[in-house]
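Structure first, commentary second.
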There are 2 protein chains.
Amino acid sequence: MRLVEDNDISVLTMRRLAAELGTAVTAIYWHVGNRDALLDLLVDRLLEDMGAVPVTGRTPRARIASIARQWRQRLWEHPHLIAVAHERGKTAAMFVPMQAQLATELALLDIRGDGAATAIGALQFHIAASVVMERTASRGPDSGVTEPSAWPASYTDTTLVRRLSSPVDYSAVFDLGLEALLDRLLG
Amino acid sequence: MRLVEDNDISVLTMRRLAAELGTAVTAIYWHVGNRDALLDLLVDRLLEDMGAVPVTGRTPRARIASIARQWRQRLWEHPHLIAVAHERGKTAAMFVPMQAQLATELALLDIRGDGAATAIGALQFHIAASVVMERTASRGPDSGVTEPSAWPASYTDTTLVRRLSSPVDYSAVFDLGLEALLDRLLG
DNA sequence: ACCTGAACACCGTTCAAGT
DNA sequence: ACCTGAACACCGTTCAAGT
């Protein structure tokens, strides 16, 4: 986990890990099977640490927004591990404690059943997407920036072109999307 | 491109490509430099094919929604190549023609400058996220599903639990998020 | 029960040598 | 100008052999 957390999944090779542990590569195979199984164990360990999050706010809406922001922040503390979990199809499992917290708040607003499932799904998607997109963008040079030269010269909205050619503010995009969802979901 | 499109980026190895081309591996290096450069060329070729999209609808709002849906559909036709572009930090470059189309429609609603940039950024994020998340989920078995057993037995909202433990309908999540964004952005 | 080294089939990349 | 084979430093994985 330290290896992945500090760097990237790419540094977690069986040979490198063996060197770090001071054993032969093949000893790892006896214990965990193979690399895929090792990654699954890694994700399981990550999932264990995913408990409920502290909630603030008085109205249910404020509390739901707080839960969403807290989760985004928490996931962002382990972006590389999140990426592994996401790749292994364990995104939803990661979110179970959040689902329960949201369900409680939604029930206070008399939103249950299908409506609650839709709301939770949309919020979960928004949070996971925000982390995944920002993480990918944070590697590589052009990260999410549009070349101004790509625009037709006839385009006179210089403010717009300048804004689109500067780095994306993912926090702002996240908050905008979150508020938009809450408006729609909570009525 | 065929290799990546039909399978996955992982099958595009220098040696496999060389075999496909009937040359020695090293010939590729003379032409393109190395694997990274090859992937960049791949992305550039993809970007060339990204022109404007046909728009339908009478009101600007309907037209904007149509543009967003069309782009999601177009990107979904090349999910593996999109993944490569995203990984290489070329997501925004891919969207330039869409940005221009949206700018035109937004101007009709008197949304320009910072407001237009915010709107375009939010819509672009939503579309790209939808494709990236759905693609990742579509590989691996548990794809986005919550184990019902993970819920406390005390939980009585069986409709909610059942919905959360069945596969995510990404189209529905996309449409919900899109409508929410349009409500907020277009007033 | 747990660990080892050797071996196999793969990678990306470099470089001197060919035509 | 363009292609080749050999070589290097990496991978994941298997398996017989050790203690």
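All values derive from a computational prediction rather than experimental measurement. Just so it is clear: chains get the letters A, B, ... in the order the sequence lines come, proteins before strands, and each one is counted from 1.
Note on A:Asp183 versus A:Arg61: salt bridge recorded, some NZ/NE/NH1/NH2 to OD/OE distance being below 4.0 Å.
To the nearest angstrom, C1' of D:dC3 lies 13 Å from CG of B:Leu21. Following rounding to the nearest Å, A:Leu17 (CG) and D:dT13 (P) show an atom-to-atom distance of 13 Å. Between the CE atom of B:Met14 and the C1' atom of C:dT14 there is a distance of 12 Å, given to the nearest Å. What separates OH of A:Tyr29 from C1' of C:dA7 is a distance of 14 Å, to the nearest Å. Nucleotide D:dC8 holds its C1' atom 17 Å from the CG atom of B:Asn34, rounded to whole Å. The distance from atom CD1 of A:Ile28 to atom C1' of D:dT14 is 15 Å, rounded to the nearest whole Å.
Between A:Tyr170 and B:Phe125, the angle of the ring planes goes over 60°, which puts this pair in the perpendicular group of the 30/60° scheme.
In A:Glu20, the CD atom is crowded: over 12 heavy atoms of neighbouring residues, nucleotides or ligands sit closer than 6.0 Å.
At a threshold of 4.0 angstrom between heavy atoms, the contacts of A:Thr13 are confined to the sugar-phosphate backbone, with no base atom among them. Across all strands shown, B:Ala27 has heavy atoms under 4.0 Å from base atoms, whether or not it also approaches the sugar-phosphate. Note on A:Arg15: a base of the nucleic acid sits closer than 4.0 angstrom, heavy atoms only.
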Task: Dot-bracket summary - DNA chain D, pairs being Watson-Crick or G-U whose distances fall under 3.5 Å, with | when paired to another strand - done: ||.|||||...|||||.||
Task: Chi angles and distances behind the side-chain contact (heavy atoms from CB on, under 4.5 Å) call for B:Leu46, B:Val84 - done: CA-CA 10 Å; B:Leu46 175 70; B:Val84 180; over 6 Å; no
TODO: Check step by step if side-chain contact (heavy atoms from CB on, under 4.5 Å) holds for B:Ile67 and B:Leu123.
DONE: CA-CA 10 Å; B:Ile67 292 170; B:Leu123 290 170; over 6 Å; no
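Comparing atom distances between the A:Thr23 side chain and each of D:dG5, C:dT4, D:dA1 picks out C:dT4 as nearest. For A:Thr26, the side-chain atoms get nearest to C:dG5 when compared with the rest of C:dG5, C:dT13, D:dG5.
In this structure, B:Leu160 and A:Ile120 have side chains that are in contact, with non-hydrogen atoms separated by less than 4.5 Å. Counting heavy atoms from C-beta outward, B:Leu42 and B:Met1 have side chains that approach closer than 4.5 Å.
Within the 4.0 Å cut-off from OP1 or OP2 of C:dC3, at least one side-chain nitrogen or oxygen of A:His31 is found.
DNA chain C is contacted by both A:Trp30 and B:Arg16; A:Trp30 maps to the nucleotide lying nearer its 5′ end (nearest heavy atom per residue).
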